[in-house]
> 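Mind having a look at this structure? Questions to follow.
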Amino acid sequence: MADEGIMREVTLTLPIAADMEIAATKTATAMAESMDMAADKVDEVRMAVVEACINAFEHSHTEEGKIFLTFAVLGDDEAESLRITVRDSGQGFVPEDIVESKIGDKIHSESKRGWGLQIMRGMMDTVEIESGKDGTRVVMTKAR
Amino acid sequence: MTESLKLEIERRDGVAVVYTEGYINNLGGEEIARVADTLIKDGHKVLLLNLRGTKIVNSIGISILIEIIEKMIEIEGRLAFCNLTPTIEKTFHIMGLAQYAGIFADEPAALAELAN
């Protein structure tokens, strides 16, 4: 995949505000449909984008008050995959510290949350996270 | 830009059916939880959430639905879902909701299992 060229690319800056993740899903949908991705796969991409955005909205604590997304259709002669990057300049975290959530632990527990990364991984083919003191970058891909 | 969730309630054969239309986010999840609370207080022990009008959810909204599952466990009731999109159904399986709540293809299939 690293050898694939970028056929089309759209960048989006989202203010951190209620339901702004829906704006990101509209761009994701347009890009996925432009490469003739199957409808069910497009839906999965939308779900992953929602989760990536709300994770950044909630946990980045960025002073900029916004996050940055890049949607890239990758391929050479024809579109092969969609790559979505969600970036913030917040406080970062240690990805290895994130433990898998289990509903049995959530029932009757005070915290019911913590599902975002699992959902993103379930919906996309690959999810990679780079995070540090300068912020977090989540790169997700899904083949057509 | 806040996407609102609309709810309708019908009672069928001892099952309280809640129809959703719109985005199940934090506010949507809280609204469903409020309605479920009222139905439970009214004596309903079997709730069916028909998501026919919901095409998108987020994990915050679904996490709130786990609270309804807890309450149904406490009253020895049942919570079930029907008419999920494939992606929402996949999300429910990833989160494990299927272990505690019935998931049915459509309302007739759900009522055949849940109704008196």
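Bear in mind that the values here come from a model prediction, so they are computed numbers and not experimental data. Convention: sequence-line order gives letters A, B, ...; per-chain numbering from 1.
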> Is there a path of hydrophobic side-chain contacts, each under 4.5 Å between heavy atoms of I/L/V/M/F/W/Y residues, joining B:Leu114 to B:Leu84?
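Hydrophobic grouping puts B:Leu84 apart from B:Leu114.
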> So, taking the atom named CG in A:Asp43 and the one named NZ in B:Lys55, what distance separates them when rounded to the nearest 0.5 Å?
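If we round to the nearest 0.5 Å, A:Asp43:CG and B:Lys55:NZ are 9.0 Å apart.
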> What's the spacing between A:Asp19 CG and B:Leu27 CG if we round to 0.5 Å?
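These two atoms lie 7.0 Å from each other.
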> If contact means a heavy atom pair closer than 4.5 Å, which residues of residues 67-74 of chain B contact chain A?
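Listed by number, the contacting residues are B:Glu67, B:Ile69, B:Glu70, B:Ile73, B:Glu74.
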> Give the member of A:Gln118, A:Met47, A:His108 that has the highest number of heavy-atom pairs under 4.5 Å with chain B.
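It is A:His108.
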> Is it the case that over 12 heavy atoms from other parts of the model lie below 6.0 angstrom from the CG atom of B:Asp42?
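Correct, the count exceeds 12.
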> Does CD belonging to B:Glu10 count more than 12 external heavy atoms closer than 6.0 Å?
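Yes, the 6.0 Å shell around CD holds more than 12 heavy atoms from other groups.
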> For A:Arg137, is the CZ atom crowded, meaning more than 12 foreign heavy atoms sit under 6.0 Å from it?
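No - once you tally the heavy atoms of other residues, nucleotides and ligands closer than 6.0 Å, there are 12 at most.
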> Taking all non-hydrogen atoms of both residues into account, name the closest pair between B:Met95 and A:Trp115 and its distance.
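Result for this residue pair: O-CH2, 3.2 Å.
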> Show the numbers, then the answer: is there a side-chain hydrogen bond (donor to acceptor under 3.5 Å, both in side chains) between B:Thr87 and A:Glu44?
CA-CA 6 Å; B:Thr87 300; A:Glu44 291 178 351; 4.8 Å; no
> Tell me, out of B:Ile60, B:Val57, B:Thr91, who's got the most heavy-atom pairs with chain A below 4.5 Å.
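Greatest number of close heavy-atom pairs with chain A: B:Ile60.
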> Report yes or no: do A:Met140 and A:Phe68 belong to one cluster of Ile/Leu/Val/Met/Phe/Trp/Tyr joined by side chain heavy-atom distances under 4.5 Å?
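Per the 4.5 Å side-chain linkage, A:Met140 and A:Phe68 are not co-clustered.
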> With sequence neighbours left out, write down each residue that passes ring pair (Phe, Tyr, Trp, His ring centres under 6.0 Å) with B:Phe92, or none if nothing qualifies.
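B:Phe92 satisfies ring pair (Phe, Tyr, Trp, His ring centres under 6.0 Å) with B:Phe81 only.
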> Following the transitive rule for hydrophobic clusters with a side-chain heavy-atom cut-off under 4.5 Å over Ile, Leu, Val, Met, Phe, Trp and Tyr, establish whether B:Val15 and B:Val35 coincide in one cluster.
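B:Val15 does not cluster with B:Val35.
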> Select one option (side chain, backbone, both, neither) describing which atoms of A:Thr25 are under 4.5 Å from chain B's heavy atoms.
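For A:Thr25, side-chain heavy atoms alone lie under 4.5 Å from chain B.
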> Answer with yes or no whether the hydrophobic clustering places B:Leu111 together with B:Ile103; edges join I, L, V, M, F, W, Y residues whose side-chain heavy atoms lie under 4.5 Å apart.
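Not linked; separate clusters.
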> Heavy-atom distance under 4.5 Å to chain B: side chain of A:Ile54, backbone, both or neither?
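Only the side chain of A:Ile54 comes within 4.5 Å of chain B.
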> Would A:Ile22 and B:Ile56 count as a side-chain contact (heavy atoms from CB on, under 4.5 Å) if you check the C-alpha gap in whole Å, the side-chain angles of each, and the deciding distance to 0.1 Å?
CA-CA 9 Å; A:Ile22 297 298; B:Ile56 191 156; 4.3 Å; yes
> Same cluster or not: are B:Ile9 and B:Leu79 linked, directly or through other Ile, Leu, Val, Met, Phe, Trp or Tyr residues, by side-chain heavy atoms under 4.5 angstrom apart?
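Yes; tracing contacts between hydrophobic side chains, which count when under 4.5 Å, links both residues.
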> Ignoring hydrogens and geometry, is there a side-chain-to-backbone donor-acceptor pair from B:Ser63 to A:Lys112 under 3.5 Å?
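At least one qualifying donor-acceptor pair exists.
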> Between B:Ile94 and A:Met123, is any pair of side-chain heavy atoms under 4.5 Å apart?
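They are in contact (side-chain heavy atoms under 4.5 Å apart), so the answer is yes.
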> Looking at every heavy atom in both A:Gly104 and B:Tyr100, which two are closest together, and how far apart are they?
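Shortest heavy-atom contact: CA-OH, 3.7 Å.
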